[in-house]
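Dropping a structure here in structure tokens format, bear with me for questions.
Keep in mind the model is a prediction, meaning the values are calculated, not measured. To find a chain, count down the sequence lines: A is the first, B the second, and so on, and within it residues start at 1.
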Amino acid sequence: MANDPPRPEARAPRGFVDRRARDVAAERAILAAVTEVYERWGFEPLDTGAFEYADALGKFLPDADRPNEGVFALQDDDEQWAALRYDLTAPLARFAAQNWETLPKPFRRYAHGPVWRNEKPGPGRYREFVQCDADTVGSARPEADAEIIAMAAEGLQAAGLPAGSAVLKINSRKLLNGLMAAAGVEAEGQKLGVLRAVDKLDRLGPDGVRLLLGAGRLDESGAFTKGAGLSAAAAERVLAFTVAGVGGRSETLAKLADVVGGSAEGDEGLAELSAIDVALTALGVGPDRAIIDPAVVRGLEYYTGAVFEAELLLPTTDERGEIVRFGSIGGGGRYDDLVARFTGERVPATGFSFGVSRLASALRAAGKDLAAATRGPVVVIAFDQTRMADYFAIAGELRGAGISAEVYLGSSGMRAQMKYADRRSSPAAVIVGEDELAAGTVTIKDLDLGRALSGDVEDNAAWREQRPGQQTIPRAELTAAIRKILDAG
RNA sequence: GCCGCCCUAGCUCAGUUGGUUAGAGCGCUAGAUUGUGGAUCUAGAGGUCCCCGGUUCGAGACCGGGGGGCGGUACCA
């Protein structure tokens, strides 16, 4: 054995997860529910490839001809760098620029699929995950933003999160810029620091944010985060802004006007948010489903106006019963400059993206799994190896009737086959041995019924004696009998 | 990137001051029951003690270096 080649370790790369039937079903259910909403609101599907040229993603390291860290990139045989998409918005911008002349405008599309991020995974954070986006390209109207928000709210509801269990939070980059102008923050580095500090309000609370706005903060692991270095007065001004999100949307806007009104950009942001508020109300989206929250920042890169974030309000626990905090389960905003990168022409655009994978785990953690428990197929016991043809005929008949069925194809005995059927969550097993063949009958066993009764049985002899849920019927009645068991489940 | 914790069977873990052939529970395979799921009993399979080097008569344990994982933090389009 010493000369055997080393065996590879069977493991998935970190940040990549295997999903079994239950998880796949849950994600599919969410996708089906959300895309149905998108289509009903007049958005058309668009599929683009997993790879984009890295320059189309706009992700090159400064002063390097190599793509940014954070994306999975490879060099094609023509030396061009291609990278796996890290979201669905950049590919849309590329597509819109490429086909702009021929598209009906505004262009309304939805898309879903996996995206990849080459970064350190964490709890609830993967390097491959599924997003589901809807975007409107070519409309600068605040109503376009409002429609995206209203649709996202309906999507949450369709996915199993009605009002009260999740909320959409709205803010505007223009407000944040107005705030910083009012607080006298001008240096670029300092602006970034302020935005990052504000973004952490929900996690660190006002005291943590105050530290980050000032000198810096030492976390419990001992790592120090440098702060934005604002004066105490400026920091308090920023804090007052971030915590102003209380009550209804128009009340919040009035409060915010006191803080950022006066600066040109702040006033513009306020006007846009007001228009969004009015449109949302007209669309029937109340403050129980969408609020204005001045602490929402989102990513720093491409948003130019309104920004949105979907937050889960349900309490969630992990498999050990400990409380877990989920980050946002979706987000979006207005990005008016993204298409201009390709065409030079400014094209207003706005959109929203659900994190489907995270939404699925959030629903599971909250005990609100959309998908019912997965059902296995009816298992035809391979009792007599010389009668496989009969077993395949039975499976074929069931399949023809639309019933999921299979013949056991392993090599184990009957006991193991029953156990197999049990573990597949099969509704029923079909047993055809020599007795049945001779009599022209089949024996079917209702496994669900047996599962329900098994708790009361003490010894195996009695259990076997009872044969719960078992019946022997004429061969011709097989499909009808199985159907009856399925309907009862 | 920074800080901390961890690494022994498929999984969760025990392993005494350094001592001979490395253990448990669960899970898996099978038997008890030539044709029946749960429970019970019995048997079996399953190990690079993360890797490399060092100390030692002797290392799963001690020392040094490396790797991997987890958590926090930073970044996050």
Quick one: is Arg85(A) getting a side-chain N or O under 4.0 Å of the rA77(B) phosphate, OP1 or OP2? no
Between rG35(B), rA77(B), rG1(B), spot the one nearest the side chain of Tyr86(A), thanks. rA77(B)
Under 3.5 Å, is there a donor-acceptor pair linking the side chains of Glu436(A) and Thr443(A)? yes
Is NZ or CZ of Arg109(A) both nearer than 6.0 Å to the six-membered ring centre of Phe43(A) and within 45° of the ring axis? no
To the nearest angstrom, the CD-P distance between Glu119(A) and rC75(B) comes to 13 Å
Reported CZ-to-CE distance for the pair Phe383(A) and Met388(A), which is rounded to 0.5 angstrom: 13.5 Å
Could you give the distance separating rU20(B) and rU56(B) at their C1' atoms, to the nearest angstrom? 16 Å
What is the distance from CZ of Arg451(A) to P of rA39(B), rounded to the nearest Å? 13 Å
Is any side-chain N or O of Lys445(A) under 3.5 Å from a base N or O of rG35(B), one able to act as donor and the other as acceptor? no
In whole angstroms, the gap separating P of rA77(B) from CH2 of Trp116(A) amounts to 19 Å
Tyr126(A) OH to rC70(B) P, in whole Å, measures 11 Å
Whole-angstrom distance between rA59(B) and rA43(B), as gauged at atom C1': 34 Å
Closest to the Arg117(A) side chain: rU36(B), rG69(B), rA77(B)? rA77(B)
Would you say rA74(B) has OP1 or OP2 under 4.0 Å from some side-chain N or O of Arg196(A)? no
Is a side-chain donor-acceptor pair under 3.5 Å present for Asp133(A) with Tyr38(A)? no
Atom pair distance, as rounded to whole Å: CZ in Arg217(A) and C1' in rU73(B): 8 Å
Would you kindly give the CZ-to-P distance between Phe16(A) and rG69(B), to the nearest whole Å? 13 Å
Taking atom types as they are modelled, is there a donor-acceptor pair under 3.5 Å from the base of rG35(B) to the side chain of Glu436(A)? yes
Selected nucleotide, minimal atom distance to Ile431(A) side chain, candidates rG35(B), rG72(B), rG37(B): rG35(B)
Using a heavy-atom cut-off of 4.0 Å across all strands, would you classify Asp199(A) as base, sugar-phosphate, or nothing? nothing
Looking at rA74(B), rG38(B), rC76(B), which one has an atom nearest to any side-chain atom of Asp422(A)? rG38(B)
What I want to check is whether the side chains of Tyr420(A) and Arg424(A) have a donor and an acceptor closer together than 3.5 Å. yes
Lys484(A)/Asp446(A) ion pair, N-O < 4.0 Å: no
Could you pull out the protein-nucleic contacts involving nucleotides 27-34 of chain B (nitrogen or oxygen on both sides, under 3.5 Å)?
unit_1, atom_1, unit_2, atom_2, d
rC28(B), OP1, Arg423(A), NH1, 3.1
rA30(B), OP1, Ser412(A), OG, 3.0
rU33(B), O2, Arg464(A), NH1, 3.1

Around atom CD of Glu434(A), are there more than 12 heavy atoms from other residues, nucleotides or ligands closer than 6.0 Å? no
Spacing of Asp145(A) atom CG and Thr350(A) atom OG1 [to the nearest 0.5 Å]: 3.5 Å
Do Glu397(A) and Thr479(A) have side-chain N/O donor and acceptor atoms under 3.5 Å apart? yes
Side chain Gln470(A) and base rU36(B) donor-acceptor under 3.5 Å: yes
Hey, what do you get for CG (Leu195(A)) to CZ (Arg173(A)), rounding to the nearest 0.5 Å? 6.0 Å
Taking the P atom of each, how far is rG18(B) from rC62(B), in whole Å? 8 Å
Return the stems involving RNA chain B, sorted by first number, where pairs are Watson-Crick (N1-N3 with N6-O4 or O6-N4) or G-U wobble (N1-O2 and O6-N3), both under 3.5 Å, and runs are 3 or more long. B:1-7 with B:67-73, B:10-13 with B:23-26, B:28-32 with B:40-44, B:50-54 with B:62-66
Round to a whole Å and report the spacing from CG of Asp18(A) to C1' of rC11(B). 16 Å
rC76(B) base to Arg125(A) side chain: any donor-acceptor pair below 3.5 Å? yes
Looking at rG35(B) and Phe383(A): do their rings stack (centroid distance under 5.5 Å, interplanar angle under 30°)? no
Geometric class of the His112(A)/Tyr110(A) ring pair [parallel <30°, tilted 30-60°, perpendicular >60°]: parallel
Whole-Å distance between rG35(B) P and Gln385(A) CD? 12 Å
First encountered from the 5' end of RNA chain B, between Leu212(A) and Asn118(A): Leu212(A)
rU73(B) base to Lys200(A) side chain: any donor-acceptor pair below 3.5 Å? no
